[in-house]
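FYI, side chains are in, hydrogens and waters are out, and symmetry mates aren't considered; it's all heavy atoms of this structure. What you are looking at is a predicted structure, and each value in this text was computed from that prediction instead of being measured.
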Amino acid sequence: MGDPRGFLTTSRQDWPRRPVGERVRDWDEVYVPGALLPIISKQADRCMDCGIPFCHDACPLGNLIPEWNDLVSREDWRAASDRLHATNNFPEFTGRLCPAPCEAGCVLAINQPAVTIKNVEVAIADRAWSDGFAPPRPPDRLSGRTVAVIGSGPTGLAAAQQLTRAGHTVAVYEKDDRIGGLMRYGIPEFKMEKHHLERRVEQMRAEGTKFRTSTAVGRDVGAADLRSRYDAVVLAVGATAWRDLPVPGRELAGVHQAMEYLPLANRVREGDLESSPMSAAGKHVVIVGGGDTGADCLGTAVREGAASVTQLDIYAQPGEERDEDSDPWPTYPKIYRLSAAHEEARDLESAPAADADARLFAASTLRFTGDADGHVRELHVVEVDAGRRPLPGSERTLPADLVLLALGFSGPDREDGLVDQLGLALDPRGTITRDVDFATNVPGVYAAGDAARGQSLIVWAIAEGRAVAAAVDRRLTGTTQLPAPIGPYDRPLIV
């Protein structure tokens, strides 16, 4: 411990965000550049070096959190980078995008604000790049074995990097024109600037990983043919089959899926489009769904200049403090959180009808109504109780020129034909089945990430990629030195 009394003498201090009025006029990351390093060593001092670090169990990657907290408190950045990269291929991604279940499991969080684990992590990652502590690590020799990884999200990239470093020849197939999956076209620039992603991709190229973009396996390349060309195939295609909302008026123009809307805004930032054909500029926007994807739509619509933006959440507004009966420590608590996008909407008063910030809680969509041209103009919503039953007399109408459905995903998209061409078995949820070694019912084909686990967090995606790489390496060589942080049936700690 850098300071044995740090948790008693130092208060929690988060990475400050830029003023709302400034950041909504651009697409840069919301945090004040350079404001983290001056505070982070003292924040790392708050780590208690507790005898049983529950943060380890809360994080599926098994990050060595107390160790790199201590090293940061001593400003030994190289050693901290080594400890961090020992368990996490992409800490600059998780440090920006993960909701930090590790902080929920922090022992200090029993009766104080948790250690700023996520901020320490991103500080180490960024310092590693700036100081040259993250060079390419090509293998000493090649195994002569080949592996195809289908999908370039965090699971696919983690699996590919681990297998490449183990000496296998790895090719990553991505149906989009750029590498990154949802990190590229789903996550807005203000949450993670894409140069962080580009930097890792270039590192992987230097290590020997091959990338095949604009190639949809099952459509552009036959799935069975691809399987015959490689010693193993890893399916990391994600869970991109979005859930819909079958209510009257769903067919009206202007009602879209969130993942139809967000990629267009990201393509504008990439320079592919001058403006988004689905832009929220000047429109009354309603987002159906209270999760992170909905918040991403919210921040994007605010930056595009929406006339108003309201987000509907079917759950009741949670309290400010953990409910020890329903969410005891160290589980991830259901509490009221103010994301950067919600803070922006609150300060700009983007949703006058909302309960808090831009959200309307305990709200269920009844129907959409439109104009004579068949374009949506109103959304009819009703308040619901804890059992999602409508409360009499609570119906209200919201103006809506653009409705975005952010209701989550049910499993891999089957339109490309990959699942059917390989004859993959699916479970009742629509996800790919696998055994204890991540192997599907098709010999030599493995499944990892959201495609098999179901929609989850980026830390689980990276952990899945690392674990499936170990399983594939063992199958190809008879043994493995690669770590396997989780098994296919492991789940987050819940009550």
Side chain to side chain contact (heavy atoms under 4.5 Å, CB included) partners of [X], counting only residues at least two apart:
| X | answer |
| --- | --- |
| S308 | H284 |
| Q112 | F7, R46, L108 |
| A265 | T300, E304 |
| H342 | A295, L298, Q311, L338, S339, D357, R359 |

Once ring pair (Phe, Tyr, Trp, His ring centres under 6.0 Å) is applied, what residue pairs with a partner in residues 371-419 remain, sequence neighbours excluded? none
Qualifying ring pair (Phe, Tyr, Trp, His ring centres under 6.0 Å) pairs with a residue from residues 99-119, counting only residues at least two apart or across chains: none
List for me each residue that meets salt bridge (charged side-chain N to carboxylate O under 4.0 Å, His left out) alongside R219, sequence neighbours excluded, and say none if there are none. D416
For R491, give me all partners under salt bridge (charged side-chain N to carboxylate O under 4.0 Å, His left out), at least two apart in sequence or on another chain. none
Quick one: does NZ or CZ of R453 land under 6.0 Å from the six-membered ring centre of Y489, within 45 degrees of the ring axis? no
Does the Lys NZ or Arg CZ of R200 fall within the cation-pi geometry relative to F93 - under 6.0 Å from the ring centre and within 45° of the axis? no
My understanding is that only residues two or more places apart in sequence, or in another chain, count here; which of them pass ring-ring contact (aromatic ring centres under 6.0 Å, His included) with [X]?
| X | value |
| --- | --- |
| Y173 | none |
| Y332 | none |
| W15 | Y31 |
| Y261 | none |

Taking CD in E321 as the centre, count heavy atoms belonging to other residues, nucleotides or ligands within less than 6.0 Å. Is the count above 12? no
Between the main-chain N or O of R96 and the side-chain N or O of K191, is there a donor-acceptor pair closer than 3.5 Å? no
